[in-house]
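Notes to accompany the following structure.
Heavy atoms only: backbone and side chains are in, while hydrogens, waters and symmetry mates are out.
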Amino acid sequence: YYLRGFAKNNIGIAYSEQLFFTTSEDFGTIQTGNMTDTRDSQVYNTVKIANKWWLAQNLNFSTESSLYFQNDSLTYNGYGRLYSYEDVVNSCPNGWHLATDDDWISLERAMGMPEDEILLEGWRGDGIATKLKIGGESQFEAKLGGYAQNEDDFADLGLGYWWTSTKKDYENRWFRSMSEYVETIE
């Protein structure tokens, strides 16, 4: 978009400099709901942002290789499960899919991430993670459940990691992460 002001009087018309800008996708009306995973009858909160439905809590579907943080289901059940990439692609509830990098970009735009930061790697988008974490205005409710290198090696409760289905290069996939200590998203 662009904006150019003017003033008109009996002498003539004077124009301001032209300003160019883009807008972020609108939050619109936030819609919330829930869905029941027919595989295990767990009910998940959902939220619609930028015309896409998201789970508003971490997936907690049990697979042979999914893990609770520290293997402690009593303490960490509310954080959902930790999945390898190979495991998570087959763990989405019926009718749902693992978000693509483009899905995340759409979400980041809706949260107001500046266009010049959208495609950057690393921590970016001041305030974006705050909107997505528990209690944030988006109602996305990201809970930061750490990660597992294997069934005995857990780290970083207070960081959250989300796989995407999009390949980054031959060996890696894009992911998103958030930290309790920063307001940006990686």
Side-chain angles (χ1 to χ4, degrees), residues 1 3 19-35 44-60 67-70 72 75-85 88 92 96-149 153-169 172-186:
Y1 296 98
L3 173 69
L19 301 173
F20 294 91
F21 62 95
T22 59
T23 59
S24 63
E25 292 182 39
D26 188 5
F27 260 60
T29 302
I30 293 177
Q31 291 178 267
T32 59
N34 59 58
M35 61 80 67
Y44 293 92
N45 294 324
T46 59
V47 62
K48 188 175 185 180
I49 302 170
N51 221 24
K52 295 183 190 309
W53 282 98
W54 296 82
L55 291 183
Q57 61 191 94
N58 294 345
L59 188 63
N60 197 25
L67 303 166
Y68 285 111
F69 192 80
Q70 301 291 351
D72 183 348
T75 304
Y76 299 107
N77 184 54
Y79 288 87
R81 291 177 180 263
L82 305 175
Y83 300 90
S84 67
Y85 177 77
V88 77
C92 295
W96 292 76
H97 68 273
L98 184 60
T100 65
D101 191 55
D102 285 342
D103 291 334
W104 276 95
I105 287 170
S106 176
L107 178 63
E108 292 162 348
R109 278 192 177 112
M111 296 298 105
M113 185 176 290
E115 280 300 313
D116 62 346
E117 294 182 32
I118 286 283
L119 298 178
L120 296 178
E121 291 187 41
W123 295 98
R124 67 218 199 295
D126 191 38
I128 302 303
T130 303
K131 294 176 183 178
L132 294 171
K133 291 186 272 189
I134 291 177
E137 63 191 270
S138 72
Q139 297 184 35
F140 186 83
E141 301 298 296
K143 196 159 190 174
L144 312 177
Y147 69 93
Q149 294 285 12
D153 186 10
F154 298 88
D156 292 335
L157 191 63
L159 286 175
Y161 297 86
W162 290 265
W163 289 108
T164 79
S165 62
T166 307
K167 280 189 170 185
K168 181 177 181 181
D169 55 39
N172 301 298
R173 299 277 173 179
W174 287 104
F175 67 91
R176 291 301 187 278
S177 64
M178 294 179 231
S179 168
E180 65 183 327
Y181 304 110
V182 295
E183 297 181 356
T184 55
I185 188 170
E186 180 180 35

Report task. Decide yes or no on side-chain contact (heavy atoms from CB on, under 4.5 Å) for Met178 and Ile185, but give the supporting numbers first. Result -> CA-CA 5 Å; Met178 294 179 231; Ile185 188 170; 4.0 Å; yes

Query raised in the report: Yes or no on side-chain hydrogen bond (donor to acceptor under 3.5 Å, both in side chains) for Ser106 and Asp103, after CA distance, side-chain angles and deciding distance?
Result: CA-CA 5 Å; Ser106 176; Asp103 291 334; over 6 Å; no

Between [atom1] on residue [X] and [atom2] on residue [Y], distance to nearest 0.5 Å:
X      : Y      : atom1 : atom2 : answer
Leu157 : Glu180 : CG    : CD    : 7.5 Å
Thr100 : Trp174 : OG1   : CH2   : 12.5 Å
Leu98  : Thr166 : CG    : OG1   : 8.0 Å
Tyr147 : Asp156 : OH    : CG    : 5.0 Å
Asp72  : Leu67  : CG    : CG    : 12.5 Å
Leu107 : Asp102 : CG    : CG    : 12.5 Å

Where is the tightest heavy-atom contact between [X] and [Y], given as atom of each residue plus distance?
X      : Y      : result
Gln139 : Ala56  : O-CB, 3.6 Å
Lys143 : Trp162 : O-CZ2, 4.0 Å
Ile118 : Ile105 : CG2-CG2, 3.5 Å
Tyr161 : Gly146 : CD1-O, 3.8 Å
Glu108 : Arg124 : OE1-NH2, 2.9 Å
Glu117 : Asp126 : OE1-N, 4.3 Å

Query raised in the report: Which pairs with one or both residues in residues 116-143 pass ring pair (Phe, Tyr, Trp, His ring centres under 6.0 Å), sequence neighbours excluded?
Result: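 Residue pairs passing ring pair (Phe, Tyr, Trp, His ring centres under 6.0 Å), neighbours aside: Trp54-Phe140, Trp104-Phe140.
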
Keeping [X] on the side-chain end and [Y] on the backbone end, is there a donor-acceptor pair under 3.5 Å?
X      : Y      : answer
Asp101 : Thr164 : no
Glu141 : Gly135 : yes
Thr46  : Gly33  : yes
Gln31  : Lys48  : no
Arg173 : Ser165 : yes

Query raised in the report: With Tyr79, which residues qualify under ring-ring contact (aromatic ring centres under 6.0 Å, His included), at least two apart?
Result: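 Testing Tyr79 for ring-ring contact (aromatic ring centres under 6.0 Å, His included), a comparison that skips the adjacent residues, returns Tyr76.
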
**Report entry** Tyr85: partners by ring-ring contact (aromatic ring centres under 6.0 Å, His included), with sequence neighbours left out
**Finding:**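 Once residues adjacent in sequence are excluded, the partners of Tyr85 under the ring-ring contact (aromatic ring centres under 6.0 Å, His included) criterion are Trp163.
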
Query - Note: Lys131-Glu183 ion pair, threshold 4.0 Å (strictly below) - result: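 Salt bridge absent between Lys131 and Glu183.
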
Requested in this report: Check the pair Ile30 / Val47 against side-chain contact (heavy atoms from CB on, under 4.5 Å), numbers first and verdict last.
Outcome: CA-CA 7 Å; Ile30 293 177; Val47 62; 3.6 Å; yes

**Report entry** Tyr44 vs Asn60, side-chain hydrogen bond (donor to acceptor under 3.5 Å, both in side chains): CA-CA, chis, key distance, verdict
**Finding:** CA-CA 9 Å; Tyr44 293 92; Asn60 197 25; 5.6 Å; no

Query - Candidate pair Met111 and Leu132, rule side-chain contact (heavy atoms from CB on, under 4.5 Å), full reasoning - result: CA-CA 8 Å; Met111 296 298 105; Leu132 294 171; 3.8 Å; yes

Query - Check against side-chain contact (heavy atoms from CB on, under 4.5 Å), Leu144 and Lys133 - result: CA-CA 8 Å; Leu144 312 177; Lys133 291 186 272 189; 3.8 Å; yes

